[in-house]
Amino acid sequence: MHCIRKVTDDLVWVGANDRRLALFEGVYSVPAGVSYNSYLLTDEKTVLFDTVDKAVRQRFLENVEVALKGRKLDYLVVQHVEPDHSAVIPDLIRQHPEIKIVCSARVLEFIKQFYNFDIDSRVHLVEENETLNTGKHTLQFIMAPMVHWPEVMMTYDSTAKILFSADAFGCFGALNGALFADEVDFAKDYMDETRRYYSNIVGKYGVQVESALDKASALNIEMICPLHGFVWRSNLSEIISKYMLWSKYEPEERGVMIAYASVYGNTENAAEILACRLRDKGIKTVVFDVSVTPASEIVSAAFKWSHLVFASTTYNAGIFVTMEALINDLAAHNIQNRRVAIIENGSWAPTSGGLIREILGKCEKINFLENNVSILSGIKAAQLSDIESMAQAIGADFTAPSGVNQNNQAALNTVDPAAMFKLSYGLFVLTARDGNKDNGCIINTVMQITVTPVKITIGVNKANYTHDMILKTGKFNISVLSEGVPFRVFQQFGFHSGKDTDKFASSGEALRTPNGVRYLSEWTNGVISGEVKESIDCGTHTLFIAEVNQAFSLSRDPSVTYQYYFDNIKPKPQPPKGNKKGFVCKICGYVHEGDTLPDDFICPLCKHGAKDFEPI
Ligand code: FEO
């Protein structure tokens, strides 16, 4: 029986899912299956965009017939000839011999290589930016070579503002009844599989993806229809911003991915110890055993994290087999722009470290940490201190003020657009540094005002000591608070003045951005470093206009909004005992018992005045 979904009034998804595929392309595990998307436009002419894999041939052919409602099929647009999208073309032609195949010369060449039907009599060749009118709709064809094969073409429906994006913006995973990305919790459930799809399928071709993104940026796109995964009809920036990062090989998150290959557990031991020492410093870590985790997942993680550590035993005088495969895989996928550290092990002749360095050294912008660790069989005291040194050297990248660790400035001085999207009318810890004094306060006014360059405004109360520090130094950090932040953070930064308190006294190790200013690593989903370009006196507050010179994401947790703070974080005022009357501070929840509140009353907790109190 057919199984279709409406995309728009005249566009229908006629694809299908496959949950029995063992390995996509014979290489990539797809435990949650995969979808093969095809779309039918029913305008004055009928137009089908690509076909599907042979595994779902029968369902697809039935879907097309049902969606056509007895009409003939006028055009098949072939954007990509890889057989997971073209295998059913011969069947479709047998069913609809009148069909015209719309494709590029390169697609034509590939179709002839793969199939034996007569295409010359039914081909309609198109070139870059050529258009085809189908009635109400006008289709514009855009070449996107190497995203993922050389013949790839995308199609822009300028009437409906839909981009049919071929493999780009695709995702592993069956659709499970959903079709649109906004029907699922995409960030939580599908972003990892989107990254794994991107990094393994088109990760090698960052330059070509950038070129396709450039072309797409000139179009007014309201919907993206890829060949795998979900249709994007809202919040397109969520996926586009990821592609902007991935195509430039920019890390998505600051943290350390540790991949180890261990035969008897000693190399694993070293990897685990390093992970613990890094966590001690507040640095995020993920750890993979390369003999257990599929390489595609580790390649994907390497595209995500800023720092990579490879720990491998030596095997037959070389790199351990599974690690060697991973390292070659990473190099083949063009991994670049990463800070890399190596731990090697070998009972009589450790060589794996040098060999890993040799392979990765050929990749672009790989900055090796010099504090490597070499183990002879098991960890002894000397190696323990080497691991600690490695953790410290990596930690320096996360705490270093400007000038330290120049090697990694490329990774550090990036502006991740995803971090900018975390902004809301929310709550932020604003930090600054003057000489040796660190300070911070809570603010709720951060707004992005331009994209090129990225500029933001912040409004800061003149009574705050942080205000004076920023006025003097021109530098600050914004830590975007995320849901889950405890009330004590607001007490720590909001309820007293840095003039007479060290607000960081109870904090752990100082994490700093390259501008030397501290930031919060916990309960923070993004960090933004600003340099003041202008300031405007707004009476009680100063409005600082600043250029962003670094921004990075720390988690996917939602940002705290003021509403969320009041509903979920701020303690609910407890009524005064007995029949006593009282007033509650709207800022911090402090309760003043009494029938009246003096006009000059100052909250003993947060120092706000009587106007911020309300009767209970
Ligand atoms: Fe889904 Fe490159 O094919």
Side-chain angles (χ1 to χ4, degrees), residues 13-39 48-57 59-60 76-90 92 101 103-104 106-111 113-115 141-155 163-175 179 181 190 193-209 211-213 216 224-232 239 243 246-247 296 299-300 303 329 332-334:
W13 175 82
V14 289
N17 296 294
D18 182 359
R19 295 181 183 82
R20 288 197 167 184
L21 182 64
L23 294 172
F24 184 79
E25 293 186 1
V27 184
Y28 306 113
S29 55
V30 277
V34 66
S35 77
Y36 302 107
N37 297 340
S38 169
Y39 307 90
L48 185 66
F49 294 90
D50 294 296
T51 69
V52 293
D53 189 83
K54 61 181 184 304
V56 293
R57 168 188 167 278
R59 178 70 32 76
F60 164 75
L76 168 67
V77 176
V78 180
Q79 305 185 110
H80 185 17
V81 188
E82 195 166 10
D84 56 334
H85 308 294
S86 68
V88 191
I89 297 178
L92 200 69
I101 294 183
C103 66
S104 67
R106 202 75 202 271
V107 165
L108 175 64
E109 185 188 324
F110 277 28
I111 288 179
Q113 285 177 201
F114 274 100
Y115 306 104
F141 302 101
I142 298 150
M143 304 305 146
M146 299 320 297
V147 187
H148 144 230
W149 278 14
E151 87 293 5
V152 170
M153 176 177 93
M154 298 182 183
T155 307
L163 180 70
F164 295 90
S165 62
D167 271 347
F169 308 112
C171 174
F172 288 135
L175 299 176
L179 176 62
Y190 291 96
E193 283 296 81
T194 303
R195 184 188 308 101
R196 188 165 73 91
Y197 176 88
Y198 174 88
S199 54
N200 287 279
I201 304 296
V202 285
K204 180 181 174 68
Y205 305 110
V207 172
Q208 290 86 346
V209 173
S211 160
L213 287 172
I224 298 175
C225 293
L227 288 177
H228 300 284
F230 296 94
V231 169
W232 288 83
I239 186 74
Y243 265 62
W246 295 335
S247 63
S296 67
V299 168
S300 175
F303 270 68
D329 214 7
H333 284 89
N334 214 0

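In listed order, ligands and their atoms are each counted from 1. Since this is a predicted model, take the numbers as computed values, not measurements.
- When NE2 of His85 and NE2 of His228 are joined through atom 1 (Fe) of ligand 1, the resulting angle is 90° to the nearest 10°.
- Tyr197 and Asp167 share a donor-acceptor pair across their side chains, judged by distance under 3.5 Å alone.
- Atom 1 (Fe) of ligand 1 sits nearest to atom OD2 when only the N, O or S atoms of Asp84 are considered.
- Side-chain atoms of His333 come within 3.5 Å of backbone atoms of Asn200 as a donor-acceptor pair (strictly under, hydrogens ignored).
- For the pair Leu21 and Asp53, the minimum side-chain heavy-atom distance is 4.5 Å or more.
- Shortest distance from atom 2 (Fe) of ligand 1 to His148 is reached at ND1 (N/O/S atoms only).
- A donor-acceptor pair under 3.5 Å is formed between the side chain of Asp50 and the backbone N or O of Gln79.
- The backbone N or O of Pro226 lies less than 3.5 Å from a partner atom in the side chain of Tyr39, making a donor-acceptor pair.
- Residue Asp167 approaches atom 2 (Fe) of ligand 1 most closely through its N/O/S atom OD2.
- Counting just the N/O/S atoms of Glu82, the one with the shortest distance to atom 2 (Fe) of ligand 1 is named OE1.
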